[in-house]
Amino acid sequence: MESAENILPELQKKKIPFSVDTWKAEVVKKAMEFAPAMINDVTGLRGDPKMGEVLRQYENVQICIMYSKDETARTTFQNSSESNIVQKISSFFEERLRFCEEQGILKNRIILDPGMGAFLSADPDKSFEVLRRLSEFKKFECPLLVSTSRKSFLRNVSDPKNPKNRVVASVVSSLLAIQNGASIVRVHDVKEMGEAVKMWKAVSG
């Protein structure tokens with residue numbers, strides 16, 4: 001497998017937008033040499049106390065803040081005891097947006113990700129509820145990024161053991177996310193997802 005040192009310069013040279021997934025400020029500093037389009041932090045800027053300070057310095061990069069029931073990058077498969085998971089996520093987003101404002105990070109740089117699967121709970125119904133009520137997060141006036149592709153919560157409607165066999169469930173759930181307000185979907189099966197979006201656009205006009 002090629003290292004980031006080999007891949008990132010090629011992406012930069014070919015002007016291909018890319019995201020760097022990290023919760024570490026030092027990794028962000030290194031990645032900025034190659035002009036990423038987005039930094040995706042699965043801890044919601046909680047994992048490294050220096051992250052806000054570092055991100056403030058790079059005004060041209062988008063920041064994806066993801067909700068997770070766990071504060072560290074290593075999520076667990078524990079159940080969530082929250083009776084209203086959407087309210088829990090909304091409160092998290094409110095707090096994180098205040099944090100960004102305090103750090104001097106402009107709101108127009110922020111993308112919100114409600115998290116799915118194990119990031120929410122071992123209970124699949126929590127993820128289905130978030131997907132169903134996704135439009136409620138539009139009140140924050142930030143683009144929404146949703147990643148349902150091959151996630152654990154799809155085991156109840158698809159292959160319970162092999163994530164690679166969850167193509168249909170992944171595509172349908174991603175399309176539902178778009179219909180409910182997602183601006184960005186993160187997928188594994190790019191060709192299939194692309195055809196689904198083209199079909200949806202053709203029908204919806």
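Heavy-atom basis, side chains included; hydrogens, waters and symmetry copies ignored.
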Checking [X] side chain against [Y] main chain: does a donor-acceptor pair fall under 3.5 Å?
| X | Y | value |
| --- | --- | --- |
| Lys126 | Val86 | no |
| Arg155 | Lys161 | no |
| Arg186 | Val146 | no |

Item to complete: Could you go through the side chain to side chain contact (heavy atoms under 4.5 Å, CB included) check for Met51 and Val28 one step at a time?
Response: CA-CA 8 Å; Met51 186 64 99; Val28 171; 3.6 Å; yes

Can you tell me which residue pairs pass the side-chain hydrogen bond (donor to acceptor under 3.5 Å, both in side chains) test with a partner in [range], sequence neighbours excluded?
| range | result |
| --- | --- |
| residues 187-198 | Ser149-His188, Arg150-Asp189, Lys191-Glu195 |
| residues 97-117 | none |
| residues 46-65 | none |
| residues 173-185 | Thr148-Ser173, Thr148-Ser174 |

Straight-line distance of [X] [atom1] to [Y] [atom2], nearest 0.5 Å:
| X | Y | atom1 | atom2 | value |
| --- | --- | --- | --- | --- |
| Leu112 | Ser90 | CG | OG | 9.5 Å |
| Cys142 | Ile110 | SG | CD1 | 5.5 Å |
| Arg132 | Ser127 | CZ | OG | 11.0 Å |
| Trp23 | Ser68 | CH2 | OG | 13.0 Å |
| Ile39 | Asp21 | CD1 | CG | 8.5 Å |
| Ile89 | Arg133 | CD1 | CZ | 9.5 Å |

Residues that [X] engages under side-chain hydrogen bond (donor to acceptor under 3.5 Å, both in side chains), provided they are two or more places apart:
| X | result |
| --- | --- |
| Ser91 | Gln87 |
| Asp125 | none |
| Lys13 | Glu10 |

Worksheet item: Quick one: does Ile65's side chain get under 4.5 Å of Cys100's, heavy atoms only?
Response: yes

What's the shortest heavy-atom distance between [X] and [Y], and which atoms?
| X | Y | result |
| --- | --- | --- |
| Val187 | Met193 | CG1-CG, 3.8 Å |
| Leu144 | Lys138 | CD1-CG, 4.2 Å |
| Val171 | Ala196 | CG1-CB, 3.5 Å |
| Val157 | Ala169 | CG2-CB, 4.1 Å |
| Ala25 | Val54 | CB-CG2, 3.7 Å |

Report whether [X] and [Y] are members of the same hydrophobic cluster (ILVMFWY, side-chain heavy atoms less than 4.5 Å apart, transitive linking).
| X | Y | answer |
| --- | --- | --- |
| Phe137 | Leu175 | no |
| Val167 | Val185 | yes |
| Met38 | Phe119 | no |

Discussion item. Applying ring pair (Phe, Tyr, Trp, His ring centres under 6.0 Å) as the test, list every pair that has at least one member in residues 139-173; sequence neighbours left out.
Written reply: Phe93-Phe140, Phe128-Phe153

Item to complete: Using salt bridge (charged side-chain N to carboxylate O under 4.0 Å, His left out) as the criterion, list what pairs up with Lys29, not counting sequence neighbours.
Response: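 Partners of Lys29 under the salt bridge (charged side-chain N to carboxylate O under 4.0 Å, His left out) test: Glu26.
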
Practice prompt. Return the set of residues passing side chain to side chain contact (heavy atoms under 4.5 Å, CB included) with Ile184 (not counting sequence neighbours), or none when no residue passes.
Written response: Ile111, Leu145

Item to complete: Quick one: list whatever passes side chain to side chain contact (heavy atoms under 4.5 Å, CB included) with Asn156, sequence neighbours left out.
Response: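 Listed in chain order: Pro124.
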
Worksheet item: For Met199, what are the other residues in its hydrophobic cluster, where any two members join if their side-chain heavy atoms are less than 4.5 angstrom apart?
Response: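 Val203, all in the cluster of Met199.
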
Worksheet item: Side chains of Asp41 and Thr43: do they bring a donor and an acceptor to under 3.5 Å?
Response: yes

Worksheet item: Should Lys30 and Glu33 count as an ion pair when the cut-off is N to O under 4.0 Å?
Response: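 Salt bridge flag = yes for Glu33 with Lys30.
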
